[in-house]
Every structure is written in C-alpha cells, then in structure tokens.
Engineer: 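Before I ask anything, let me first share the structure, which is written out below as structure tokens.
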Amino acid sequence: MLDNKYNIEEKELKWEEFWKNEGIYKFDPHSKKPTFSIDTPPPTVSGDLHIGHIYGFSQADMYARFNRMLGKNLFFPIGVDNNGLPTELLVENKKKIQAHNLPREEFAKIAQELLVGYNQKYKNLIMRAGISCDLTLGYDTIDTRSQKTSQKSFIELAKKGIAYRENKPGPWCTKCRTSVAMFELEESELDSVFNYLNFKLADNSGTIPIATTRPEFLPACVGIFVNPEDKRYAHLVGKLVKVPLFEDRIVKIYADSKVGIDKGTGIVMCCTFGDQTDVEWWKEYGLELKQAIDDGGRMTEICGKYAGMKNMDARKAVIEDLKTQGYLYKQDALTHSVKVHERCGQPIEFLTKKQWFIRTSSPELKQKWLELGNKLIWHPESMKARYISWVNNLNQDWSISRQRYFGVPFPVWYCEKCGAIKYASVEDLPVNPLSTQPKGCCSCGGKFVPESDVMDTWATSSVTPQINTNWVDDEKTANKKIPMDMRFAGRDIITTWCLRTIIKAYYHQGTLPWKELLINGWMMADKGIKISKHLSNSKMDLTQIMSTYGADVVRYFSASGAYGRDVMFNEEGLKDGYKLLNKIWNGSKFVLNFLYDYQPKKPKNILPMDRYIMHKFNETYEKTFAFYKDVEMGYAKAEIEKFFYFFCDNYIELVKNRLYKPEVYGMDAKESAQWACYNVLFKMLQLLGITMPHIAEEIYQNYFITFEKEKSIHLTTLSKIKIESENIIENGDVVIDIVSKIRQFKSENKLSLKTELEEVTICAPNISFIAECEADIKAVCGIRTLKLKQGNFDVEVGKIVEN
RNA sequence: GGGAGAUUAGCGCAGUUGGUAGAGUACCUGCCUUACAAGCAGAGGGUCACAGGUUCGAGUCCUGUAUCUCCCACCA
C-alpha cells in the first residue's frame, strides 16, 4: 500500500501542489464554523532567505494547524513587506540605480518589476515549508489596499490631531538623505580623535579647556556645560565664552548633571546637534538653533569659510586652523562607538526638519499602552516584560515621515501662502499628491503644494489588522473582526511592529489588534551568532537541507525546545527528525499491511492490551493537546513522538503475532488488534501532522481517506478515541514491564530476542489480568510455558530452548 | 548604566508548586525480532557556572560574583 521507501522531496512537493490546487487551507467566508484569524506579520523583502526564516513561521503554523483541527475556519493570510527604505535600498543595489535620480513613477515601476520575483521567492519558501496559509489572501504593503489603508489611517489620525507636523530635531542619515527612527540606528566602533581646545572667556579673564571629537561643529556651538558637582569649574557657571575661530559668537556656561566629570576635560560644548544630549539641552535651556550641516552632509552657510565642504573635509580644515591659531593644545586618538544608520552604516546626524509624528509618548498614553499590553495574552508570558520596559522608556513621539521615494505618499498638500493643510478625500485614495492636485485654491487664495515625503514602512506594517480585515472598504465589518485572534512575531520586533500595531488599533478601533501574541526566538547559527547571509555556509544551505531532510524535518527541528527561546542550528537535530520521519513511515507501512481487510465496526470483544494502548493514547492525547493549547510546540511534539516509539516498540511487537496468524490466535483477536491499530495510528498521525504535515498527508491519502472521508488529514478534527472508561493503564504497564524484563534477560545473556524460553514464572499482584494477556506475552517473548504466581512483582526465567 | 534571558551528561536540551538528577543523541555491550541496522534490547556517564544564605532537605527560593546573548539608554 505504501511505497517501500518514502521519497521526501517528491512527496512533499506533491502534497504542496495538492494543498494549493484543492484550496485545502482556503478561508471560507460563508462557513458556519468559528473563525480563527491570524494577523501574519509581513516579513521585509530585503534579500535572500535562509533557514531561520522558516523557524518562527513554522511554529506559528503549528498553532494554526492545531486550531484548524479543532474545527475552526482559519483566516491565515500571507503578507509581504516591500515598501519603504529597506526595499528601496534593495532595488538600488540590485539595479545599480539611484532613486533620487529617477522620476518616482519610473523607480516604482522598476521596483515593482524586481519585487515580483522576490515576492514569489518568498511565497514559495512559505509554501515549501508547509505553512498552511491561504495564498489567495495575500497582500503587499505597497499594493493598492495597503496604500489606501495607510493613507486613510493617516488622514483619520491627522484630523483628530493625533498625527501632527512639527519642526523637530531628529536622527538624519546624510547618505540616504532621510530622517530615520531611533530604532533604525545601530552602534559601530569608529576611530576618532579627541581634540583639546582652549576657549577664551569673554571677559578675557582666561581660557577653559574643552575636548571634542567634532570640532567642525564649532559654528553650531550654542552653549557650554559643566557638572554642577564639579568643584573645579563651579566659578565658571554663568560666564560667557567666545567660540574658537568664530570669536564674534559668545555663548554661556551652564551647569547640568548630564555632564560626566571624568570625561574629557569635564567641560562640554553643546552644538545643534551633535547628539541626543545636545537635543535635550537645547530643549531644556531654550538654546539657539544653528544648523551646521545640511541634508547631504555638507557644511552650511553659517560655517563661514568652511561652508560647502563635506563634513570630514571641514573637520580637517578646522583642526588645521585651530592648530595655527593656537587653540588646539592636545590630541588623543580614541575609539568610540557611534550611532550609525543600520541600513547603510553612515554615522547619524541630528537635523531639524518638518516631520509628521504620531502621539505615543505622553504619560497618559504610556499608561494606556501598558494597560493594553496587560490585556494581551503573551506566549510566552515572559516576553511581556520587554514590552513594559520599552513602553516605560518611551520618550519621543513616533516619527512617520521619510524623505524617500518608494513608499506610501502622504495624501496632503500645503497652502503656499498660509500653510494650511489640505487632506485628500478618503474616496479618492490612494492618492499621490505629486501627480494629483486638489480642486481649487486655499480659502486664503494661496496655491497648494504637495507633500513629497513618504511614510515610514512601519506606518503601513502597523495597520495589517486593518488591511487584513478590509477596513478601507467596510469599516463596520472590519471593526467587528478586530481584535483578530492571533499575531506572531520575532522577539526583536515587540517594540516596533507589535507596539505600533497596538497603538493604531487603539486609535482606530479602541481595542487591541489581537487577542494573543506569539513571540518566537531565533534560530542561531551557533552560540550567540545569528544566521546571516555570509554565515549561511554549505551545511546550512536551505535548498540542500530541503532536498535531503525536507520540510517536515526542518519543522520538527523548529519545534525543539520551549517556545520563545532561541534554538541553535545543528545537523544532529535534523537527524533526529529524519529518524522519526523514517519511523513513522515504516511503522505505518507495517500496520497498514494488516488493515487491508479492516472493517470500521467496533468488535464486540476488545482484548486487554488493545484497550490498554487506546487508553494510553488518550492519556498522551490529553497531554499533547494541553501543550498545543499553551503554544508549547516542542513539548507537544516530544510527547506524541515518545508515544509513537512506544506504540511501535512495545504494542506492535506484542500484537503482531495475532495480526500475522489469525489461524492460530483467532479472527476475533485479529479484529480486536485491527480496531486498536486503526484508531491509534490515525489519531497519532493527526497529532504528528501538526508538526510534519506532508508525511501525515501521504499516509492519510493512501489509506485513511477511505474511511474518514475528509479531503485532507488537515481538515479532520482532533478527538480522543471513544472507549469505555476503565482502570487498565497500571495493569497494562505491568505487562510491558514483564516483556521488558525478559528482553533484559536476553540482552544480558547475549541472546537473540527471538530465543525461545522453555519456562517463565511471573510473580505479580494482579495475575488475573496477566492471565488474560497470556497469549500476547508468550508470543512476543517466545515463552512455551508461562507460570503465574500471586505476590510481589518478579520475573524468573527458567531454561532456554537450545536449537 | 537600566531591563530581559541563559549557564544541568561529550553535544544540543527538559526539569511544572523545594523531597534520591531526566529523555534524546554520541560513546560502549549485544541482538539481522516474518516493518524499519536510518532498526531493536541493554549498560556506563553529571560537585546542576561559582560563592554565600534560608530550610530537616536547594538544580529549584534569596543575596552576590563570573561568562554569554538580546533589548534600551549613554558615549563631548
């Protein structure tokens, strides 16, 4: 019935085609079943895919499959995040073009063409991993519906004053020429030089020493700071200082505890803006704003003779002048960590620009985010701590504008004359203000000019529940569908995707975006090393792994360990899964051999060990079920796996004689075993299929479908085996112990397991049960005469039969 | 600097409310059981990172230390 050998790649591809063509995982909008909706996070399309990408997805898929097998109607869409800066950079790299050199429409067209291939590659991988999502429910974050949703969300929030436009200093990348969010920055160790300068006091009473790594910022120096605790400089506070090279500029000395007494000379200059502290001082002390650097990283006109120079050239020139004019008295080399833009590695500047923000950081709002976070069910619970700690530290509103090209445009125009904001009408969305003009003029008579910024990619990724529920076209229905049932994500994006999605759902629906949140860990290449492209060596090559081990084995490996924890990639783990796969195949093949004449009619008399294995299964079922419910895929998998081996190595061995030789043991004994085998094997496959969907389907389609009728095993419903309750497990375990003792005896005496034993005496408390199983015990152990004695458990082997 | 997590057998891991350390794998000894040698049956292997403390009793609770990872903040 089953092939002699299970050809992994051939079978897996076959069933993936089948699932797709038959629409096995298709959401049925007319179904009467309860819906279980999943808000799939759209992974960023930014490059090649590796085995780590499958990890989080397959764990979430197991939870999805579990829910489907509880009889729910699954809404499991698949999304791709392909708008915004990461995608733009990918397109620039691959096509060797620069977005700012091309008309937007042209760049978008090139991007869309390139993305077709990437999207497909990505969707193929998801399908190849046996993820049971509905491919017809896909969305891209740059498609029309996503654009409409983002724009509608923006207009709604802006009209309520929740989104606002303001001139604020913020991190800026001079290479990408855009503002970036704090969390898009990363640390980089750079070599630099500490320049020690003497600043002259304005009253000519002397000089003060200041160390700086960025002397080119002198033209933007707006204040000097010392620590209030620092006795050396206490007398300086309030005095005025001349800025070196720009001596017509006079700045004041302030005291502030943010100054490190031991750092540099203990005196700091504040420039607008060298770093975050400068921003804070500027705000707190109401300092002047002087911008020394422009969008592209060149010095501005306030820099006098240095204007127009690139930042680094200006630094050299300034240092040279400081030297010749006697300000510089010492230079120390140092290595310090600098914030750089994670996408391109460019050190970040702080520039002041008009940007759109969403209100997120007031104490009342933070309270709200905490409240919502507490209402959410977290898997695992411990991940909530990260969310809470992040919310508590939130101190800036969310900046959503980016001065980029490939993204969702802001649907607004501004009046040239009075600055009034004109929003597009919701019916007209999606709107690109650069190519459409609003009707008429401003009430003041001024002309409207379009906003050229695009939205940050998170502004779209944070409305996936609204995209998925089609909020743009049918707000009422969508509002009923939110909160969705579940969202899954990696733990690195709790603070970005998750929080922002919570914020948007709160503003739009006044509720949580989802009821449950699954946070998975990472698959690591080695202890503490993330998988990255340059680390994906041959042993981790995805194509290779997929063809030798297959998706089921990769999924098995993904389910190892506790949920939310990192797993370390190791091939041994794959081998374990491969072993189980092979065992499932052989075990099923063997059992099905004896089920060709199976009648789906419960026999009148079911023998004790057959009842035992069914009860034993039900016990395992309960445990496994509880683990799946708690999103503990690893424990669930381990539980059912353990039982499968037990079933093969103990139960099958025990009853195979009855199956082989009905003429000796009787037809009733065979039918009894068949009944147990059918039920236990089918239900084991259901549970195993959550982790290993392909092999379960192959076996189901070859046999069980005749009786179970459902088109796919994945559409069947989980349940225990129906059997009258009785206390049989303890008694059955004694029988297993007896067999084990005899095997031990043979093993210790270096005998073959089929060696026949002339006589065995069993001493046990409940010999009447053992007597009922006598035929099975004698058959599996090769015993000729079995003697039973009432008493404490003991197995005594008499003479062995010599051939 | 703040927060989170980890440290248990050679290896990758599990240990739920404190009560004699667990499975898998590797190694070792055997066995070709009328499915599977990619199998089966056995055996050995651990100062539970370290130092204190609470307790009759600590892998588990408390305090501290070390190493590693992640997130956040700071970095003139």
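Lettering follows sequence order; numbering is per chain, from 1.
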Engineer: May I have the distance from A:Asp576 (atom CG) to B:A14 (atom C1'), rounded to whole angstrom?
Structural biologist: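 Answer to the nearest Å: 14 Å.
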Engineer: When you match A:Glu572 and A:Asn586 each to their closest nucleotide on RNA chain B, which lands nearer the 5' end?
Structural biologist: A:Glu572
Engineer: Scan A:Cys270 against the nucleic acid and name what it touches under 4.0 Å (heavy atoms): base, sugar-phosphate only, or nothing.
Structural biologist: nothing
Engineer: Who does B:G57 pair with, Watson-Crick or G-U, both distances under 3.5 Å?
Structural biologist: none
Engineer: Under 4.0 Å between a side-chain N or O of A:Tyr387 and OP1 or OP2 of B:G3?
Structural biologist: no
Engineer: Paired with B:A37: which nucleotide, if any, by Watson-Crick or G-U wobble criteria at under 3.5 Å for both distances?
Structural biologist: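 Across any shown strand, B:A37 pairs with none.
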Engineer: Which of these nucleotides, B:G12, B:U34, B:A4, is closest to any side-chain atom of A:Asn570?
Structural biologist: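 Of the candidates, B:G12 comes closest.
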Engineer: Between A:Asp278 (CG) and B:C74 (P), how many Å, whole number?
Structural biologist: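 Value for this atom pair: 12 Å.
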Engineer: Quick check: A:Trp378 with A:Tyr387 (ring centres under 6.0 Å apart)?
Structural biologist: yes
Engineer: Looking across every strand, which nucleic acid part, if any, lies under 4.0 Å from A:Val259 by heavy atom: base, sugar-phosphate, or nothing?
Structural biologist: base
Engineer: Partner lookup for B:A26, please. Criteria are Watson-Crick or G-U wobble with both distances under 3.5 angstrom; report none if nothing qualifies.
Structural biologist: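 Here B:A26 is not engaged in any pair, so there is no nucleotide opposite it.
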Engineer: With sugar-phosphate meaning primed atoms plus P, OP1 and OP2, does A:Gly782 contact a base, only sugar-phosphate, or nothing at under 4.0 Å between heavy atoms?
Structural biologist: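 Result for A:Gly782 = nothing.
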Engineer: Would you indicate what A:Ile652 reaches in the nucleic acid, counting non-hydrogen atoms under 4.0 angstrom: base, sugar-phosphate, or nothing?
Structural biologist: base
Engineer: For A:Lys384, report the nucleic acid contact type (base, sugar-phosphate, nothing); a contact means any heavy atom under 4.0 Å.
Structural biologist: nothing
Engineer: For the C1' atoms, the ones on B:A14 and on B:G57, what distance do you get once it is rounded to whole angstrom?
Structural biologist: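 Taking atom C1' in both B:A14 and B:G57, they lie 23 Å apart.
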Engineer: Determine, answering yes or no, if A:Tyr578 is stacked on B:A38 under the 5.5 Å centre rule and the 30° plane rule.
Structural biologist: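 Given the distance and angle limits, yes, they stack.
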Engineer: The test is salt bridge (Lys or Arg N to Asp or Glu O under 4.0 Å); show your working for A:Asp649 and A:Lys583 and say whether it passes.
Structural biologist: CA-CA 11 Å; A:Asp649 299 339; A:Lys583 191 78 183 169; 3.5 Å; yes
Engineer: Judged by each residue's nearest nucleotide on RNA chain B, which is more toward the 5′ side, A:Ser747 or A:Phe225?
Structural biologist: A:Ser747
Engineer: Measure the distance from CG on A:Asn7 to P on B:C36 and round it to the nearest whole Å.
Structural biologist: 19 Å
Engineer: Mind checking A:Lys583 for me? I need base, sugar-phosphate or nothing, with any heavy atom below 4.0 Å counting as a touch.
Structural biologist: base
Engineer: Apply side chain to side chain contact (heavy atoms under 4.5 Å, CB included) to the pair A:Asn374 and A:Ile388, showing each step before the final yes or no.
Structural biologist: CA-CA 9 Å; A:Asn374 276 317; A:Ile388 289 171; 4.3 Å; yes
Engineer: Students often mix this up, so state it plainly: with edges at 30° and 60°, are the rings of A:Phe569 and A:Phe557 parallel, tilted or perpendicular?
Structural biologist: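 A:Phe569 vs A:Phe557 ring planes: perpendicular.
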Engineer: Regarding A:Ser740, tell me which of base, sugar-phosphate or nothing describes its non-hydrogen contacts under 4.0 Å with the strands shown.
Structural biologist: sugar-phosphate
Engineer: Would you please say whether a donor-acceptor pair under 3.5 Å links the side chains of A:Asp256 and A:Tyr285?
Structural biologist: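 Yes, because at least one side-chain N or O of A:Asp256 sits under 3.5 Å from a partner of the opposite role on A:Tyr285.
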Engineer: Would you measure the distance from the C1' atom in B:U7 across to the matching atom in B:U17 and give it in whole Å?
Structural biologist: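 My reading of the C1' atoms in B:U7 and B:U17 gives 24 Å.
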Engineer: Check this for me: does any side-chain nitrogen of one of A:Arg214 and A:Glu216 sit under 4.0 Å from a carboxylate oxygen of the other?
Structural biologist: yes
Engineer: Report yes or no: do A:Gln331 and A:Asn195 form a side-chain donor-acceptor pair below 3.5 Å?
Structural biologist: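 Yes, because at least one side-chain N or O of A:Gln331 sits under 3.5 Å from a partner of the opposite role on A:Asn195.
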Engineer: So what does A:Glu653 hit on the nucleic acid, given a heavy-atom distance under 4.0 Å: a base, only sugar-phosphate, or nothing?
Structural biologist: base
Engineer: Distance between the C1' atoms of B:U8 and B:G3, in whole angstroms?
Structural biologist: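 About 26 Å, rounded to a whole number of Å.
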Engineer: For A:Tyr660 and B:U34, say yes or no: do the ring centres fall under 5.5 Å of each other while the ring planes differ by less than 30°?
Structural biologist: yes
Engineer: Distance check, C1' atoms only: B:A9 and B:G1, in whole angstrom units.
Structural biologist: 38 Å
Engineer: In terms of side-chain heavy atoms of A:Lys750, which of B:U29, B:A41, B:G42 is nearest?
Structural biologist: B:U29
Engineer: With a 3.5 Å limit on both atom pairs, tell me what B:G44 is paired to, counting Watson-Crick and G-U wobble, or say none.
Structural biologist: none
Engineer: Please determine whether the number of non-hydrogen atoms from other residues, nucleotides or ligands lying under 6.0 Å from atom NZ of A:Lys239 exceeds 12.
Structural biologist: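 More than 12 heavy atoms, drawn from other residues, nucleotides or ligands, come within 6.0 Å of this atom.
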Engineer: Across the strands shown, which category fits A:Lys661 at heavy-atom distances under 4.0 angstrom: base, sugar-phosphate, nothing?
Structural biologist: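 Base contact - A:Lys661 has a heavy atom under 4.0 Å of at least one base atom.
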Engineer: Applying a 4.0 Å non-hydrogen cut-off, can you work out what A:Asn582 is touching in the nucleic acid: base, sugar-phosphate, or nothing?
Structural biologist: base
Engineer: Could you check which nucleotide pairs with B:G64 in any of the strands shown, counting Watson-Crick or G-U wobble with both distances under 3.5 Å?
Structural biologist: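 WC or wobble partner is B:C50.
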Engineer: What is the base-pairing partner of B:A73, counting Watson-Crick and G-U wobble geometry with both distances under 3.5 Å?
Structural biologist: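 When the pairing criteria are applied, nothing turns out to pair with B:A73, so the answer is none.
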Engineer: According to the Watson-Crick and G-U wobble definitions, with both distances under 3.5 Å, which nucleotide is paired to B:U20?
Structural biologist: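 Paired with B:U20, as far as the under-3.5 Å criterion goes, is no nucleotide at all.
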Engineer: Please report the distance separating the P of B:A66 from the corresponding atom of B:C74, rounded so that it comes out in whole Å.
Structural biologist: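 Approximately 25 Å lies between the P atom of B:A66 and that of B:C74.
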Engineer: Verify the contact: side-chain N or O of A:Ser588 to OP1 or OP2 of B:C36, cut-off strictly under 4.0 Å; return yes or no.
Structural biologist: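 No, outside the criterion.
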Engineer: Would you measure the distance from the C1' atom in B:U47 across to the matching atom in B:G2 and give it in whole Å?
Structural biologist: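 Their C1' atoms lie roughly 35 Å apart.
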Engineer: Distance check, P atoms only: B:G59 and B:U54, in whole angstrom units.
Structural biologist: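 The answer is 16 Å between these two P atoms.
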Engineer: Rounded to whole Å, how long is the line connecting atom NZ of A:Lys575 with atom P of B:G39?
Structural biologist: 12 Å
Engineer: Could you tell me how far apart A:Lys589 (NZ) and B:G39 (P) are, to the nearest whole angstrom?
Structural biologist: 13 Å
Engineer: How many Å lie between CZ on A:Phe745 and P on B:U29, as a whole number?
Structural biologist: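 In whole Å, B:U29 P and A:Phe745 CZ are 22 Å from each other.
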Engineer: Record whether the side chain of A:Lys5 comes under 3.5 Å of the base of B:A38 through a donor-acceptor pair of N or O atoms.
Structural biologist: yes
Engineer: Can you tell me which nucleotide in B:A4, B:A35, B:A41 comes closest to the side chain of A:Cys648?
Structural biologist: B:A35
Engineer: In this structure, how many angstroms lie between the P atom of B:G3 and the CG atom of A:Leu394, rounded?
Structural biologist: 18 Å
Engineer: Using the P atom as the reference point in each nucleotide, state the distance between B:G24 and B:G44 in Å, no decimals.
Structural biologist: 14 Å
Engineer: Considering every strand shown, what is the Watson-Crick or G-U wobble mate of B:A14 when both distances are under 3.5 Å?
Structural biologist: none
Engineer: Kindly indicate whether a cation-pi arrangement holds for A:Lys637 with A:Tyr556, taking the cut-offs as under 6.0 Å to the six-membered ring centre and within 45° of the axis.
Structural biologist: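 Because its charged atom sits under 6.0 Å from the ring centre and within 45° of the axis, A:Lys637 does stack over A:Tyr556.
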Engineer: Taking atom C1' of B:G22 as reference, at what distance in whole Å does atom OH of A:Tyr635 sit?
Structural biologist: 13 Å
